[in-house]
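Written out below as structure tokens is the structure these notes cover.
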Amino acid sequence: LERISWLDPLASYLYYGFVDLRSFVRLKYDSFWRSFTVCFFAVDGYLSQYKGLGFRKSFILLVFDFHYLVVKFSIYFVVLVRIIWSKVVAWCYRWLFSTSHKDIGTMYFLLGILMGLLGTGMSMVIRFELSFPGSFLGDSHYYNCLITAHGLIMIFFFVMPVMIGGFGNWLVPIYIYSPDMSFPRANNMSLLLLFSSIALLFMSLFSGSGLGSGWTLYPPLTSISFSDYSADFCVLALHLAGISSILGAINFIVTILVMGCLDFPLIRSPLFVWSILITAFLLLLSLPVLAAGLTMLLTDRHFNTSFFDPSGGGDPILFQHIFWFFGHPEVYILILPGFGIISQLAVYYSGKEVSFGHLGMIYAMISIGFLGFLVWAHHMYTIGLDVDSRAYFTGATMIVGVPTGIKVFSWLATLYGSNWDLYTQWSVPVLWVYGFIFLFTVGGLTGIILANALIDVSLHDTYFVVAHFHYVLSMGAVFSIFAGFIHWFPLFTGLVLSNNLLVAHFIIMFVGVNMTFFPQHYLGLQGMPRRVSDYSDDYSFWNNVSSLGSIISMVGVLFFFYIVLLSYWVIQKPIFLVHRSSSPEWVTLNYPSVVHLSESSVFIRV
Amino acid sequence: LVRSSCWPFVTSYALLVLVVSLLWYLNFSSAYFFWLALIFFFYSVYGWLCDITTESIDGFTTSLVSLGLSVGFLLFISSEVMFFFGFFWSYFHNCLNPSVFIGTWPPYLFNGIVVDPFGLPLLNTVLLLSSGVSVTFCHYCVLSNVYLELWSPTRPSRTHLQWGYYFTLFYGILFLSFQISEYVSSYISINSTVYGSVFFLLTGFHGFHVVLGLILLSVSLLRVDYTMFSDFQHLGLECSIWYWHFVDVVWLFLYFFVYWYGYYIAW
């Protein structure tokens, strides 16, 4: 008989007819069903003494023994409740109160992937509305709410959680040889605040009339005279997401600077760690400014201040300045971890030990981060800035292209001379890496076009801008997410994804996203404005092509879902690493490793 | 490595409840839930800090962890600096190029009404600077290990420490009460053009941070009384002192740019 806490002595009395003192000895049980059936047999064993007595006698004895039936079922019930409660508590301790960077990273991935699916669905509805001239949804305010939510979800709840929360949490402690993050509980709180933030965003969408201002939330459209309480929910959702990211940023900076071994020079740490460090600094310094701007918007709405209200001497342009002072570093936050992932993968798949120009890559990332704070008004060329201001921002924005170009050339140089042997060394993430480098470069070039104030006056708020940022996001950030996820999937789950299916998926996604976003360049040059739910017939052909492409990329996304779930059905464990990398994340050889280090590490020079 | 802890979950839920109750107040003018939610939030933060303190007593707070906590708190203070940077941006946006509806800076309607910077605000500046001095003295006392009750002419004693922190708290509370009396007797309100908006939002947030700093200081000075600190590790006290210096620096910026520069109307 195995011990089921305090019920054991009782069960042993029922079974044997006396209390077995051995039942007071604590033994572990490991099976829910065994513990349940032991109870059953213990009580039934007692009842077996009534066999062969005849119906009347046994009936009378059973009636008198009725209380034993009561005891029997109450024992069933209590044991069931206790076992289920212990499992619930164990689940809560592991997944709600977690302090393990791996578990938190996994949860960030799940959150990000689900919200990415939601955002993709919204983009499908948007492209469906835009596929033909004429209105399908019937309500353009609903369309505006969709584009707002699409932007916010994709930025704050897909790209940032997956890149910084998912990849950052999983990989950074491993790369810097520390057992965990510096503040594990704050790590958990960053994750859980995102759930609160999502709850508020959904409240914004489903209560009131919804917020249809676009993700940039410009007043006066978000002022009290034009938006109801949905705008408040949205603003406060961004506040919570901001707190989550600031906390995470502090965590990452302290971890990388302090928890990494103090004898190991930071410059020798991997490029992904550097990208997360710089991203964290950008988050730390830009998000509070957004919080200030949103607070001013909130007081303007409810406390009759006039920050953005001209009748009180305020200026709506002030919000744009403050928002884009956050907004531009934000887009670098979205792409810098992607740079880090691509750098890691370029090194791994070219069989090299270190990337070309490691120090140059670090300097390039630092300068991109620093210059990102000085170029915010290139989002505001049409508001009536002074011509000299426009000239400055044009020049500064184009300068940011230089370190980015250094990075692109360094990646190409890293990949130079790598082996494309299909049978031994080739693997799918290489496709995503090459796709990233090419398509991100294209997106960056359209960005340089838009950097010029002269041409941006014609192209501002047209589909050319939409095409540009979807090239760098949907083909930059998302390609790097796919690349990293496929590459590190065996590490995170201990399972292997099917190579052939992944190649098919890459082709579908590549065709799909290019077909979706390349025609939008033409639309922008033709003059189609953005954030419109209907357009004149001249724009219909390319919109149709673009919507067709979006269907293809939706198929690709669902296909990827299928591939991941298939790997859980057909359980295949990785046997060995083809590239024989000595990179710290692959060292333990037992994936997913629950603990890779139990204490902080020390470096010894011999 | 840290044990599984319920406090992040409770705190994030408390923040969600706080935000929703704030929205209830903003839209339905009932602050009842907001105070309840605020108490719940403070309780969750308190629980978390209790856990941290217990770990420190258990010897978990090694020098590496202590270094991490201090760097982390400094980064938090820098994020607060950027938060005030946003508000100062809006101040400069309006004071360097006043809108046509207000004409000058300060607005010409406020000709005799603006707070005289050489009155109460100057006293407040002196108060905050002196509190900075006295809090540094407290720090020096803790560093020289006042728990050894030996009296010595060259080393501060426990009484000196107590004087130091009573003065700090006294100056801080005096600062707050002067600010409140100014708010009460002011002719301008937050609704008075963008000048009132930015002035009261800046000084209001600053006052809120002063309250936070005073709470931090009083909690850490209470912990000094309970001998929870040693002369080499007194992270709570150091963090509170840094926060107090940050509050002081923000006040200096406020004083020079909002009170002093924003006083003389340039016709």
Side-chain angles (χ1 to χ4, degrees), chain A residues 93-94 96-99 179-180 182-186 188-189 192-193 195-196 199-200 203 229 232-233 236 239-240 243 246 249-251 253-255 257-259 284-289 291-293 295-296 298-299 302-307 310-315 318 321-322 325 598 600, chain B residues 1-9 11-13 15-17 19-20 22-23 25-27 48 51-52 62 64-65 67-69 71-73 75-76 78-87 89-90 93-94 97-103 107 190-198 200-201 205:
Chain A
Y93 265 84
R94 182 158 182 214
L96 288 181
F97 306 154
S98 156
T99 51
D180 203 315
S182 221
F183 304 128
R185 283 171 298 208
N188 199 11
M189 180 151 139
L192 295 169
L193 272 174
F195 286 105
S196 303
L200 284 169
M203 282 193 249
Y229 50 88
D232 293 323
F233 275 114
L236 288 164
H239 264 133
L240 285 190
I243 296 175
I246 292 176
I250 295 176
N251 209 351
I253 296 176
V254 173
T255 306
L257 294 181
V258 170
M259 285 283 276
L284 187 76
L285 300 174
S286 64
L287 268 168
V289 182
T295 309
M296 287 191 262
L298 221 50
T299 58
H302 293 286
F303 298 123
N304 198 21
T305 57
S306 38
F307 287 106
S311 62
D315 192 3
L318 174 65
H321 276 293
I322 294 181
F325 186 81
S598 53
S600 304
Chain B
L1 292 179
V2 180
R3 289 183 50 198
S4 291
S5 161
C6 68
W7 296 114
F9 180 71
T11 313
S12 60
Y13 183 65
L15 267 176
L16 176 65
V17 172
V19 161
V20 173
L22 175 69
L23 281 169
Y25 164 64
L26 290 177
N27 287 292
W48 193 337
D51 266 4
I52 297 178
T62 60
L64 200 66
V65 174
L67 182 67
L69 279 170
V71 170
F73 198 78
L75 289 171
F76 169 68
S78 58
S79 84
E80 298 268 281
V81 168
M82 292 309 289
F83 184 65
F84 273 98
F85 172 76
F87 291 119
W89 186 329
S90 81
H93 186 97
N94 289 300
N97 263 319
S99 151
V100 71
F101 295 107
I102 53 178
I190 198 172
N191 305 123
S192 322
T193 78
V194 73
Y195 179 87
S197 306
V198 78
F200 282 102
L201 203 63
F205 264 111

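Hydrogens, waters and symmetry mates are skipped; everything else that's a heavy atom, side chains included, is used. Throughout, a chain's letter reflects where its sequence line sits, starting with A, and its residues are numbered from 1.
- The OG atom of A/S306 sits 9.5 Å away from the CD1 atom of B/I190 when rounded to the nearest 0.5 Å.
- Ranked by heavy-atom pairs shorter than 4.5 Å toward chain A, the options B/D51, B/V65, B/N191 are led by B/N191.
- Counting only heavy atoms from C-beta outward, the side chains of A/H302 and B/N27 approach each other to under 4.5 Å.
- Within the 4.5 angstrom heavy-atom criterion, only side-chain atoms of B/F205, from C-beta onward, approach chain A.
- What you find for A/F307 and B/S90 is that their closest heavy atoms are CE2-OG, 3.9 Å.
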Problem - Step-by-step side-chain contact (heavy atoms from CB on, under 4.5 Å) determination, B/V20 to A/L200 - result: CA-CA 8 Å; B/V20 173; A/L200 284 169; 3.9 Å; yes
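- Summarising the geometry of B/S78 relative to A/L284, their closest heavy-atom pair is OG-CD2, 3.5 Å, with the distance given to 0.1 Å.
- Within the 4.5 angstrom heavy-atom criterion, only side-chain atoms of B/L201, from C-beta onward, approach chain A.
- Interface check for chain A: of the options B/F87, B/F101, B/F76, the most heavy-atom pairs under 4.5 Å are formed by B/F87.
- Of all non-hydrogen atoms in B/L22 and A/L236, the two that sit nearest each other are CD2-CD2, 4.1 Å.
- What you find for B/M82 and A/L285 is that their closest heavy atoms are CE-O, 3.1 Å.
- Ranked by heavy-atom pairs shorter than 4.5 Å toward chain B, the options A/S182, A/G314, A/P288, A/A249 are led by A/P288.
- Residues A/M189 and B/W7 fail the side-chain proximity criterion, which asks for heavy atoms closer than 4.5 Å.
- Note that CG of A/L96 is 12.0 Å distant from OG of B/S5, once rounded to the nearest 0.5 Å.
- No side-chain heavy atom of B/L26 sits under 4.5 Å from any side-chain heavy atom of A/Y229.
- For B/N94, the part lying under 4.5 angstrom from a heavy atom of chain A is the side chain only.
- Heavy-atom neighbours of B/F9 CZ from other residues, nucleotides or ligands within 6.0 Å: at or below the threshold of 12.
- No other option in A/S196, A/S286, A/A199 has as many heavy-atom pairs under 4.5 Å with chain B as A/S196.
- No side-chain heavy atom of B/S12 sits less than 4.5 Å from a side-chain heavy atom of A/F195.
- Using the six-membered ring where Trp is involved, A/H321 and B/W89 have ring planes that are tilted, between 30° and 60° apart.
- Side-chain contact between B/F73 and A/I250 is absent, with no heavy atoms from C-beta onward closer than 4.5 Å.
- A/R185 contributes atom CZ, which lies 10.0 Å from atom OG1 of B/T11 (distance to the nearest 0.5 angstrom).
- Heavy-atom minimum distance, A/F183 versus B/G68: CZ-O, 3.4 Å.
- If you tally non-hydrogen atom pairs under 4.5 Å between each of A/V254, A/N251, A/I322 and chain B, the highest count goes to A/V254.
- Enclosure of atom CZ in B/F85 by more than 12 non-hydrogen atoms of other residues, nucleotides or ligands within 6.0 angstrom is indicated.
- Nearest heavy atom pair, residue B/S99 against residue A/G313, reads CB-O, 3.3 Å.
- Put simply, the side chain of A/D315 reaches to within 4.5 Å of the side chain of B/H93, judged on heavy atoms.
- Counting heavy atoms from C-beta outward, A/F233 and B/L23 have side chains that approach closer than 4.5 Å.
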